[in-house]
Each structure stands twice: as C-alpha cells, then as structure tokens.
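Here the structure is laid out as structure tokens; the discussion comes afterwards.
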Amino acid sequence: MTAIIQQGAGRELSNPPSDGISNLRFSNHSDHLLVSSWDRSVRLYDASANALRGEFMHGGPVLDCCFHDDSSGFSASADNTVRRLVFSYGKEDILGRHDAPVRCIEYSYAAGQVITGSWDKTLKCWDPRGASGQERTLVGTYTQPERVYSLSLVGNRLVVATAGRHVNVYDLRNMSQPEQRRESSLKYQTRCVRCYPNGTGFALSSVEGRVAMEFFDLSEAGQAKKYAFKCHRKSEAGRDIVYPVNAIAFHPIYGTFATGGCDGFVNIWDGNNKKRLFQYSKYPTSIAALSFSRDGRLLAVASSYTYEEGEKPHEPDAIFVRSVNENEVKPKPKVYPNPPA
C-alpha cells in the first residue's frame with residue numbers, strides 16, 4: 001500500500017510569480033531555483049535561504065527556463081525570443097528568435113549548446129559563446145512534424161515531443177535527421193517528456209492521466225520492457241475523473257520519479273518495479289512543474305492552476321520546497337516468498 005505523507009506541502013517560497021508558473025528548475029551546482037512565469041518574469045531564488053536573488057522581465061509570457069551554470073541561464077518566451085540571463089549583473093541579451101512562441105529550452109553540457117523548441121514547428125540549436133547577433137549564435141534549424149511541446153536531454157540524446165503525438169529522438173552529434181521517429185504509445189496529447197537519468201529511455205505523460213515508460217533500444221527485447229500506467233485520476237459516483245499529468249521529475253540518485261497532475265497531487269514512482277512509493281498530501285491547485293535538487297534532498301513543487309477547466313477562481317500561484325526523506329524515493333527491495341522447506 002502506498003503511504004501518504006502528511007508533513008504538509010513543504011516550505012512556501014516568498015515573492016512568488018503573480019501569474020501561472022510555466023516551469024521551475026534547480027541548478028546542477030547549488031540549491032538555486034530558476035522559475036519562469038506567464039507574468040513575463042524569470043525569477044532566481046535561493047531555495048535553502050528562501051530568498052529572491054534576481055528577476056528578469058520579458059516582452060511576453062515566459063514558457064520555459066534553464067540554467068547554464070550558477071551565474072547565468074536561458075529563457076524561452078511567448079514573444080518568440082530566446083534570451084541569456086546573467087544573474088550577477090542582472091542583465092540579459094537576446095540569443096535569437098523563432099517565428100512563434102518558444103515553448104521549451106534546454107542547455108546541453110555535452111554539446112555546449114542551447115536547444116529550443118517552438119510552436120513554429122522547429123527545433124533550433126544555439127552556441128551561446130557566439131558574439132551577439134543571431135547569425136553568429138544559430139548552429140542549426142530542424143523542422144519538426146508539429147508544434148514542439150516538450151524536450152528532454154540525457155548525454156548526447158535529445159527527445160522532442162510535439163503535437164500530434166510525434167516523438168523524435170536525436171543524437172546531438174548528428175542533427176541532420178532524427179535517430180528515431182516514433183509515435184507516443186498514449187492515445188492523447190503529450191504534456192511532458194523526461195529522459196531516464198541512466199540514458200536508456202524516457203517517460204512521457206499525457207492529458208489523460210497516463211504515463212508511458214519507453215526505451216531507446218529498438219530490439220524486440222528492448223521494446224518488450226515498455227509499458228504505460230494510469231495515474232492522477234479518481235472515481236466519483238461510479239465514474240472516472242481523469243486529470244492531465246503536467247510534470248515528471250527523476251530523482252538524481254535513485255532514478256525513481258515524481259509526477260504532478262491537475263488533481264493537485266504529487267506521486268513518487270518506482271518505474272523498475274512498477275510501484276507507487278508515495279503520495280504527498282494534496283496541494284492547493286494543479287501541479288504545473290516539479291524539480292529535484294542536484295542531490296535529491298529537495299523537491300520544488302509549482303502549485304499553479306493550468307487553466308485546464310478554463311477561467312475560474314483558483315488558489316494563488318505558489319512554489320513549495322519540501323525536504324525529501326530517503327524512504328519516499330528509495331526503491332523498495334522485492335520480497336520473495338521463502339521456498340517451502
């Protein structure tokens with residue numbers, strides 16, 4: 001039976017965004033947290049100290065953000081721009097542009113490049129070391145089958161999830177064409193894709209309360225491992241109420257993962273043993289984004305209504321940082337029955 005943790009939501013960060021939270025991410029080097037919002041801002045927090053360290057305003061809603069290192073980061077905006085943010089100086093510059101809102105952004109340490117996905121149905125790679133000026137920073141533009149909804153990186157592998165349930169897998173060392181062109185094994189729109197930390201595959205979530213566990217190995221044995229499961233749903237008066245699964249975050253040490261849904265719940269899963277390990281007590285509204293800190297000791301949770309039911313009164317947007325106990329995220333060893341004597 002899954003234990004339900006009642007330690008409360010965690011510590012709420014002060015000075016939250018004033019509109020929907022599109023994403024949040026912990027740094028790979030510290031407990032700094034970068035948060036993008038529909039209020040046109042990117043905010044930098046020190047999550048341990050509960051302190052706002054910086055704020056960058058954009059020309060439109062900010063749909064994603066990521067760190068470069070502890071001194072700088074990048075953002076993707078609905079004003080079609082890709083920006084570099086320099087925290088220490090509080091300054092920013094435009095790395096380049098798409099022809100429509102930029103939905104996702106990732107920094108590849110392996111390639112030393114920024115990768116962006118847009119609703120203009122393209123993926124672009126940028127070299128942030130290039131001089132200012134789009135022509136000198138743009139490495140390549142790669143047409144996608146549909147609007148880009150989610151990106152994830154592991155090593156030199158890049159997974160791109162688009163509208164129309166397409167999934168393209170690239171090798172960053174050869175972007176001329178996808179290494180694999182796949183279709184989501186879920187029947188409904190993709191919300192989030194995240195690669196396994198061990199590099200063997202990816203988890204993909206949909207608007208219809210499901211997560212698919214996929215593998216890069218296309219052999220029969222490799223594909224036999226894939227499966228999907230239902231989550232973030234409840235039965236009420238004999239009917240199933242199903243919620244979108246907006247967020248997936250892998251624990252950096254144990255490879256277990258958290259999902260967040262429009263039901264306001266965060267669940268922790270052991271994908272290898274196909275078990276739910278924990279469910280945290282309910283948050284005030286939809287879970288828009290999740291991120292574990294680099295050592296897995298902290299989990300940042302964006303409790304932020306995602307307008308899945310249209311305009312309606314909702315709880316204020318908030319960021320909670322909770323301490324993670326090992327027993328919530330560590331896989332439980334399988335217990336085998338003793339053989340008869």
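One-based numbering along the sequence shown.
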Quick check on the hydrophobic clustering: are Phe26 and Val301 connected, directly or via other members, by side-chain heavy-atom contacts under 4.5 Å? no
How far apart are the C-alpha atoms of Arg147 and Asp120, what are their side-chain angles, what is the distance that settles it, and do they pass the salt bridge (charged side-chain N to carboxylate O under 4.0 Å, His left out) test? CA-CA 6 Å; Arg147 288 153 292 158; Asp120 69 5; over 6 Å; no
Kindly determine whether Val169 and Arg157 satisfy side chain to side chain contact (heavy atoms under 4.5 Å, CB included), including the steps that lead there. CA-CA 7 Å; Val169 180; Arg157 273 232 168 87; 3.8 Å; yes
Identify, with sequence neighbours excluded, every residue that meets side-chain contact (heavy atoms from CB on, under 4.5 Å) alongside Asn198. Tyr196, Thr200
Do Val245 and Arg210 pass the side chain to side chain contact (heavy atoms under 4.5 Å, CB included) test, and can you show the C-alpha distance, the side-chain angles, and the key distance before you say yes or no? CA-CA 7 Å; Val245 184; Arg210 268 177 224 260; over 6 Å; no
Pairwise side-chain contact, Val159 with Leu151, heavy-atom cut-off 4.5 Å (strictly under): no
Ile268 side chain reached by Arg276 side chain, heavy atoms, under 4.5 Å: no
Among Arg182, Arg194, Lys225, which residue meets the salt bridge (charged side-chain N to carboxylate O under 4.0 Å, His left out) test with Glu214? Arg182
Verdict with supporting geometry, Trp269 and Thr256, side chain to side chain donor-acceptor pair (under 3.5 Å): CA-CA 6 Å; Trp269 307 91; Thr256 51; over 6 Å; no
Starting from the C-alpha separation in whole Å, work towards a yes-or-no answer on side chain to side chain donor-acceptor pair (under 3.5 Å) for Ser303 and Asp317. CA-CA 6 Å; Ser303 170; Asp317 303 289; over 6 Å; no
Using a strict threshold of under 4.0 Å (side-chain N to carboxylate O), is an ion pair present between Lys275 and Asp270? no
Are Val102 and Leu63 connected into the same hydrophobic cluster when the rule is that any two of I, L, V, M, F, W, Y join if their side-chain heavy atoms are below 4.5 Å apart? no
Give, for atom CG of Leu204 and atom CZ of Arg191, the distance between the pair rounded to the nearest 0.5 Å. 11.5 Å
Could you walk me through whether Leu33 and Arg25 satisfy the side chain to side chain contact (heavy atoms under 4.5 Å, CB included) test, starting with their C-alpha distance in whole Å, then the side-chain angles of each, then the deciding distance to 0.1 Å, before giving a yes or no? CA-CA 6 Å; Leu33 187 70; Arg25 300 212 206 198; 5.6 Å; no
Contact between Cys65 and Val35 at the side-chain level, heavy atoms closer than 4.5 Å - yes or no? no
Whether His29 and Tyr109 hold their rings parallel, tilted or perpendicular, with breakpoints at 30° and 60°: perpendicular
Pairing donors with acceptors under 3.5 angstrom, does anything connect the side chains of Ser36 and Asp64? no
For atom CZ of Phe215, is the number of surrounding heavy atoms from other residues, nucleotides or ligands below 6.0 Å larger than 12? yes
Test His98 against Lys124 for side chain to side chain contact (heavy atoms under 4.5 Å, CB included), laying out the working first. CA-CA 8 Å; His98 278 267; Lys124 292 191 178 191; 3.4 Å; yes
Kindly work out whether a path of hydrophobic side-chain contacts (I/L/V/M/F/W/Y, heavy atoms less than 4.5 Å apart) joins Val160 to Leu153. yes
Would you say that His58 contacts Val42 through its side chain, given a criterion of any heavy-atom pair below 4.5 Å between the two side chains? yes
Note: Ser41 and Met57 closest approach over all heavy atoms is CB-SD, 3.6 Å
Not counting sequence neighbours, list each pair that qualifies as a salt bridge (Lys or Arg N to Asp or Glu O under 4.0 Å) and has a residue in residues 237-252. Arg233-Asp240
Check against salt bridge (charged side-chain N to carboxylate O under 4.0 Å, His left out), Arg84 and Asp93: CA-CA 5 Å; Arg84 177 191 359 226; Asp93 55 27; 3.1 Å; yes
Once you measure the plane-to-plane angle for Phe87 and Phe67, does it fall in the parallel (<30°), tilted (30-60°) or perpendicular (>60°) bin? perpendicular
Would you call Val266 and Gln279 a side-chain contact if the rule is heavy atoms closer than 4.5 Å? no
Other members of the hydrophobic cluster containing Tyr305, with the 4.5 Å side-chain heavy-atom rule, please. Tyr307
hydrophobic_cluster_shared for Tyr280 and Tyr254, side chain cutoff 4.5 Å: yes
Ser108: side chain to side chain donor-acceptor pair (under 3.5 Å) partners, not counting sequence neighbours: none
Could you check Ile287, Thr306, Val207 and say which one makes a side-chain contact (heavy atoms from CB on, under 4.5 Å) with Asn246? Thr306
Applying side chain to side chain donor-acceptor pair (under 3.5 Å), can you list everything that pairs with Gln189, at least two apart in sequence or on another chain? none
Close side-chain approach of Ile248 and Cys192, heavy atoms under 4.5 Å: yes
Does Lys332 have more than 12 heavy atoms from other residues, nucleotides or ligands lying within 6.0 Å of its NZ? yes
Leu290, Ile253: one ILVMFWY side-chain cluster at the under-4.5 Å cut-off? yes
When every non-hydrogen atom of Ser37 is compared with those of Ser22, the smallest separation belongs to N-OG, 3.7 Å
Considering non-hydrogen atoms only, spot the tightest contact between Val167 and Ser184 and give its length. CG2-N, 4.1 Å
Under 3.5 Å, is there a donor-acceptor pair between the Gln144 and Asn168 side chains? yes
Would Thr137 and Asp127 count as having a side-chain donor-acceptor pair, cut-off 3.5 Å? no
Heavy-atom pair of closest approach, residues Cys125 and Met175: SG-CE, 4.2 Å
Expected output: side-chain Ser30 to main-chain His32 donor-acceptor under 3.5 Å: yes
Those residues that, when tested against Lys234, pass salt bridge (charged side-chain N to carboxylate O under 4.0 Å, His left out) (two or more places apart): Glu236
Do the rings of Phe292 and His251 sit parallel, tilted or perpendicular, given the 30° and 60° boundaries? perpendicular
Pair Trp126, Thr116 - check side chain to side chain donor-acceptor pair (under 3.5 Å), show working. CA-CA 8 Å; Trp126 314 86; Thr116 53; 2.9 Å; yes
Using side-chain heavy atoms (C-beta onward) and a distance below 4.5 Å, is Leu298 in contact with Asp31? yes
Pair Phe202 + Phe216: ring centers closer than 6.0 Å: yes
For Ala110 and Asn156, work out which heavy atoms get closest and say how close. CB-OD1, 3.5 Å
Within the 6.0 Å centroid threshold, strictly below: Phe74 and His68: yes
Atom of Leu277, atom of Glu328 and distance for their closest heavy-atom approach: CB-O, 3.7 Å
Ring centroid separation for Tyr283 and Phe320, is it under 6.0 angstrom? yes
Are the side chains of Thr259 and His232 in touch, meaning some heavy atoms are under 4.5 Å apart? yes
Taking it one step at a time, do Asn174 and Asp171 satisfy side chain to side chain donor-acceptor pair (under 3.5 Å)? CA-CA 6 Å; Asn174 176 18; Asp171 182 330; over 6 Å; no
